[in-house]
Amino acid sequence: MTDGLLEYSGLAAKIRAMRSQLLSRKALIKMAESETVDDFVSALRETGKYTSVYESHTRLHHRGQVEAQIGDSLYADYRRIYRFAGARAKSALEIFFFRYEVNLLKSCLEHVYQGVDNRRPSHLRYLPAAYCSFDMAAAAQANTIAQLVQVLAGTRYEAMMKRFAETKAMLCADCMTQLDIFYYETAWRLGKKLSDRRTREIVLGILGTEIDWQNIMWMYRSKQFYQESKDETARRLIPIVYRLKREEKRRLLEQESIDRFVEILADTAYFKEKDAVVKLGDEITYGQIMEKTFQALCRRYPMSIAPVLRYFYDKEREIDMLTSILECVRYRIPAREIQELVFPTAQGTA
C-alpha cells in the first residue's frame with residue numbers, strides 16, 4: 001500500500017487535472033448545434049480544452065484535418081502520462097499502447113485493401129518510439145501488402161501479414177478481425193506476466209471484461225442481424241474467457257433463439273453473484289459494462305493504474321463522440337438527430 005501511494009499519488013493528481021479537461025455533455029451538445037465545420041472548430045476552441053491541438057494551425061477547414069488533430073490529443077496525453085509514470089504504471093501502459101500499434105496497422109490495411117486513407121502519421125511524434133515494435137512512419141507510407149510485410153519483417157506481426165498476403169481471397173474485414181484477436185491474445189499474455197499483483201489484477205480485469213463482452217456482443221449481433229452460421233461466428237470470437245465460463249460461451253454460441261440467449265446470459269457472473277456488474281432489467285450496453293468495471297476498479301484501488309486507464313477509456317469515448325458529431329455536421333444532419341445518434345438511450349443493446 002505504501003509503495004502504491006508513493007508511486008501513484010503524483011500520477012493520481014495529474015490524472016484528476018486531465019479529467020477536468022474532458023468535455024461536458026453540455027459542451028458536446030453545443031457542438032452538435034454547429035451548422036458548418038468552421039462553426040464546430042470555433043465551438044471546440046471556445047471550450048479551451050483542445051487548445052494545444054491547434055497551436056500550429058491558425059485555421060482548419062477540412063474535416064479530415066480536424067479529425068486528425070482531435071485524435072492526436074489522445075497520443076499527446078499518452079506521451080505526457082508515460083513520461084510521468086513510474087515503472088509499474090509504465091508496464092501496464094505499454095500493454096495498452098500495443099492497441100495503438102494495432103489500430104495504425106488496421107488503418108494501413110484499409111488503405112491497402114480498400115483505398116481508404118485513414119492513416120495519421122502526424123500522431124507518431126507523440127508516441128514513445130522506444131516501445132514501438134516497428135517503424136510506424138514506414139508502415140504509414142506503405143501502399144501494398146508486400147510493402148507492409150517488408151516493414152514488419154522480424155516483428156510479432158510478420159507471420160500474420162505474410163498470411164494476409166498469401167491468402168488472395170481474404171477480405172479486409174477478415175484481416176481486421178484477425179488483428180483484433182491477435183491484439184487481445186497478446187495483451188492477455190503480457191498482462192498475465194506483470195509482476196505486480198495489483199497491476200496484474202487491474203489489467204486483466206479490464207482486458208477480460210472487454211474480451212467477454214466483445215464476444216457476447218458479436219454472438220448476439222450475428223444471430224440478431226447477420227444470420228451467420230455458428231462456425232462463421234466462432235471464427236470471429238476471441239479464444240479467451242474471463243468471468244464468462246467456457247461452457248456458457250459454448251451455449252451462447254450454439255443457441256439460435258435470442259430469448260434463450262438472453263436467459264443464458266442472465267445466468268452468468270455478470271448478472272449474478274456478489275460481484276455482479278449489472279442487474280437483471282438493466283439496459284445492457286458494452287459501454288455501460290466497461291464504465292461499471294472501471295468504476296469498481298477505481299473504488300477498490302484509487303492509488304493504482306486503474307484511474308489512469310479509465311481516463312484513457314473516457315478520452316477515447318470523447319474523441320469518438322467528437323468525430324461522430326463532426327461527421328454529422330458535415331452532412332448537415334439536424335442537431336436533434338445528432339444528439340439522438342451520439343447520446344442514444346441504448347447503444348449495442350444485448
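Model, not experiment: these values are computed from the prediction.
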Starting from the C-alpha separation in whole Å, work towards a yes-or-no answer on salt bridge (Lys or Arg N to Asp or Glu O under 4.0 Å) for Lys30 and Glu33. CA-CA 5 Å; Lys30 182 177 180 181; Glu33 295 170 351; over 6 Å; no
Of all heavy-atom pairs between [X] and [Y], which one has the smallest distance, and what is that distance?
X	Y	result
Arg260	Arg251	NH2-NH2, 3.1 Å
Leu148	Ala139	CD2-O, 4.1 Å
Ala89	Glu7	N-OE2, 3.3 Å

Applying salt bridge (charged side-chain N to carboxylate O under 4.0 Å, His left out) to Lys230 and not counting sequence neighbours gives none
Should [X] and [Y] count as an ion pair when the cut-off is N to O under 4.0 Å?
X	Y	value
Asp174	Arg235	no
Arg310	Glu291	yes
Glu201	Arg197	yes
Lys162	Glu158	yes
Glu228	Arg221	no
Arg250	Glu247	yes
Asp320	Arg317	no

Aromatic ring centroids of [X] and [Y] under 6.0 Å?
X	Y	answer
Tyr78	Tyr100	yes
Tyr157	Phe182	yes
Trp218	Tyr286	no

Dump the intermediate steps for side-chain contact (heavy atoms from CB on, under 4.5 Å) on Cys328 and Glu337, then the final yes or no. CA-CA 9 Å; Cys328 290; Glu337 290 183 33; over 6 Å; no
Looking at [Y], is its backbone amide N or carbonyl O close enough to the side chain of [X] to form a donor-acceptor pair, meaning the two atoms are under 3.5 Å apart?
X	Y	result
Asp212	Arg243	yes
Ser34	Thr36	no
Thr209	Ile206	no
Glu318	Asp314	no
Thr268	Leu265	yes
Lys223	Gln255	yes
Ser24	Ala27	yes
Glu232	Ser229	yes

Out of curiosity, [X] [atom1] to [Y] [atom2], how far, rounded to the nearest 0.5 Å?
X	Y	atom1	atom2	answer
Lys249	Leu237	NZ	CG	5.5 Å
Leu253	Ile216	CG	CD1	12.5 Å
Gln178	Met161	CD	CE	11.0 Å

Can you confirm whether more than 12 heavy atoms, excluding those of Gln224, are under 6.0 Å from its CD atom? yes
Chi angles and distances behind the salt bridge (Lys or Arg N to Asp or Glu O under 4.0 Å) call for Asp77, Lys315: CA-CA 9 Å; Asp77 283 354; Lys315 179 77 171 186; 3.5 Å; yes
Name the residue from Ile325, Leu28, Leu326, Ile70 that meets the side-chain contact (heavy atoms from CB on, under 4.5 Å) definition with Leu44. Ile70
Check for me, please, whether [X] and [Y] land in the same ILVMFWY cluster - side-chain distances under 4.5 Å, paths through other members count.
X	Y	result
Ile211	Tyr313	yes
Ile258	Trp213	yes
Leu309	Leu204	yes
Phe312	Leu104	yes
Ile181	Leu171	no

Aromatic plane relationship, Phe225 with Tyr220 - under 30° parallel, 30 to 60° tilted, over 60° perpendicular: perpendicular
Do the non-hydrogen side-chain atoms of [X] and [Y] ever get within less than 4.5 Å of each other?
X	Y	result
Asp259	Val262	no
Met170	Arg163	no
Lys245	Val241	no

Run Met18 and Ile81 through side-chain contact (heavy atoms from CB on, under 4.5 Å) and show every step you take. CA-CA 10 Å; Met18 292 173 71; Ile81 288 298; 3.5 Å; yes
Are Glu210 and Tyr242 close enough that a side-chain donor and a side-chain acceptor fall under 3.5 Å? no
